[in-house]
Student: 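This is the structure I have questions about; it appears just below.
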Amino acid sequence: RRIVGQVIDDAKRDPRRPWPVIIFEFQPGASDLGKAFDFAEYLTSGALAGATTVAYIPEPLAGNVVLPIIACDEIVMHPEASFGDAGRDIRTIGNSERTMYRDIAERRKTIPKAVALGLLDPNLEVLVVETEVSREFVLASDLEELRANKAIQSEEVLFPAGEVHVLSANQARQLGFVKLLADDVVEVTKAWGLPRESLEQDPSFGGSWRAIRVPIEGPISAAQIEQIRRMIDDSIRGRDVNFICLSIDSPGGSPTDSMALANYLAALDPSQQRTVAYIAGEARA
């Protein structure tokens, strides 16, 4: 919320800037239903009016994370991804849980209400119905009411009752729930015409930076590189450091040891640690 709020505030301050496209890359893991619903409410609130929210699903996802996914304006999936089984982490699915999913689906309309409820509750049967005017997604319990109001041309079971309900990428694309399939988030940014540098991640996640200064002085050697690696590793483990500043004043040194340090730094997760090289004097050879 803090990060998104900053992006929205920046857009409001500069009328020449286009309204932002905010891409959320959802990852697997257990989620608390209450927090998932709070975030989904935020995504569908007036606080984000004007912005476009995009949910990117890079791999199979299940549980309460489905709720903020369907709260986004658009959904993009990896071709091998899927989402559903939303009630996996809920002990008993009752009216309050169904109301949460129904409310978010009705607000956003990215996923039809009946499909959202089906993704939550494996005991519900969901059908795809073609009428004389449109395709509709309905719960089996609402089918008679639909028949009374519209001429049904065909009907097909999308989610059978009693089974875990999951949407694959291809299925979601064919049904019109997903705008496109993308191998990675870079493809997503291209689809919305965003520059590559917009993918820069903030390891502090809108919080505070925990920094360490690492001096690299004199000729590079194996002993120096081993000391640097220990210093960084200990700082990450002990202080959860997320900002590493390499202060460099070196004429060069061992190519093998320089490569070892380069490989070590390149292997750090940029979403967890930001690395910055500051040339204090010289960085040669």
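Numbers here simply count residues along the sequence, with the first being 1.
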Student: Who passes side chain to side chain contact (heavy atoms under 4.5 Å, CB included) against Pro60, sequence neighbours left out?
Tutor: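 Pro60 satisfies side chain to side chain contact (heavy atoms under 4.5 Å, CB included) with Ser82 once adjacent residues are dropped.
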Student: Could you tell me if the side chain of Thr131 sits less than 4.5 Å from the side chain of Asn149, heavy atoms only?
Tutor: no
Student: Ile8 and Pro20: which non-hydrogen atoms are nearest, and at how many Å?
Tutor: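 The pair with the smallest heavy-atom distance is CD1-CG, 4.1 Å.
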Student: Less than 4.5 Å apart, side chain to side chain, heavy atoms only: is that true for Leu181 and Asn170?
Tutor: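 The answer is yes; the side chains approach within 4.5 Å.
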Student: So for atom CD, which belongs to Gln227, do other residues, nucleotides or ligands contribute more than 12 heavy atoms lying within a distance under 6.0 Å?
Tutor: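 No, the 6.0 Å shell around CD holds no more than 12 heavy atoms from other groups.
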Student: Is the closest basic N to carboxylate O distance between Arg107 and Asp103 below 4.0 Å?
Tutor: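 Yes, this pair counts.
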Student: Would you give the length of the straight line joining atom CG of Leu117 to atom OG1 of Thr99, rounded to the nearest 0.5 angstrom?
Tutor: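 These two atoms lie 9.0 Å from each other.
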Student: Does any N or O in the side chain of Asp249 come within less than 3.5 Å of the main-chain N or O of Glu217, such that one atom is a donor and the other an acceptor?
Tutor: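 No, because the side chain of Asp249 does not come within donor-acceptor range (under 3.5 Å) of the backbone of Glu217.
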Student: Closest approach of Ala86 and Val66, non-hydrogen atoms and distance?
Tutor: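 Here Ala86 and Val66 meet closest at CB-CB, 3.8 Å.
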Student: Applying salt bridge (Lys or Arg N to Asp or Glu O under 4.0 Å), run through Arg230 and Asp233 and close with a yes or a no.
Tutor: CA-CA 5 Å; Arg230 274 202 309 270; Asp233 286 343; over 6 Å; no
Student: Are the side chains of Ile225 and Tyr264 in contact, using a 4.5 Å heavy-atom criterion?
Tutor: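 No; the side chains remain at least 4.5 Å from each other.
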Student: Let's go through Glu187 and Lys190 carefully: what are the C-alpha distance in whole Å and the side-chain angles of both, what is the deciding distance for salt bridge (Lys or Arg N to Asp or Glu O under 4.0 Å) to 0.1 Å, and is it a yes or a no?
Tutor: CA-CA 5 Å; Glu187 285 190 29; Lys190 288 180 181 178; over 6 Å; no
Student: How about Ile23 and Val76: do any of their side-chain heavy atoms sit closer than 4.5 Å?
Tutor: no
Student: Once rounded to the nearest 0.5 Å, what's the spacing between atom CG of Leu246 and atom CD1 of Ile279?
Tutor: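 Here the rounded value is 9.0 Å.
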Student: For a quick test of reading the model, state the closest non-hydrogen atom pair linking Ala116 to Ile70 and the distance between them.
Tutor: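 That would be CB-CD1, 4.0 Å.
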Student: Is it true that a side-chain atom of Arg239 and a backbone atom of Asp234 form a donor plus acceptor pair closer than 3.5 Å?
Tutor: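 The answer is no, because no donor-acceptor pair under 3.5 Å joins these two groups.
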Student: Within the 4.5 Å heavy-atom criterion, are Trp19 and Thr52 side-chain neighbours or not?
Tutor: no
Student: With Asp38, which residues qualify under side chain to side chain contact (heavy atoms under 4.5 Å, CB included), at least two apart?
Tutor: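 Testing Asp38 for side chain to side chain contact (heavy atoms under 4.5 Å, CB included), a comparison that skips the adjacent residues, returns Arg1, Glu41.
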Student: Check this for me, if you would: do Arg147 and Glu144 make a salt bridge, where the nitrogen-to-carboxylate-oxygen distance has to be below 4.0 angstrom?
Tutor: yes
Student: Kindly indicate whether the side chain of Val126, heavy atoms from C-beta on, has any atom under 4.5 Å from the side chain of Leu119.
Tutor: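 The answer is no, as the side chains (C-beta and beyond) never meet within the 4.5 Å cut-off.
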Student: Which one of Glu145, Glu132, Glu155, Glu136 satisfies the salt bridge (Lys or Arg N to Asp or Glu O under 4.0 Å) criterion with Lys150?
Tutor: Glu136
Student: Taking all non-hydrogen atoms of both residues into account, name the closest pair between Leu124 and His165 and its distance.
Tutor: O-CE1, 2.9 Å
Student: As an exercise, state the distance from CG of Leu33 to CD1 of Ile90, rounded to the nearest 0.5 Å.
Tutor: 4.5 Å
Student: Please check this pair: side chain of Asn64 against backbone of Ser31, looking for a donor-acceptor N/O pair closer than 3.5 Å.
Tutor: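 Side chain of Asn64 to backbone of Ser31, a donor-acceptor pair under 3.5 Å: yes, one is there.
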Student: Identify the heavy atoms of Glu74 and Trp192 that sit nearest to each other, and give their distance.
Tutor: CG-CZ2, 3.7 Å
Student: May I ask you to test the Phe24-Pro68 pair for a side-chain heavy-atom distance under 4.5 Å?
Tutor: no
Student: Please round to the nearest 0.5 Å and tell me the distance separating atom CG of Leu43 and atom CD1 of Ile69.
Tutor: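 These two atoms lie 11.0 Å from each other.
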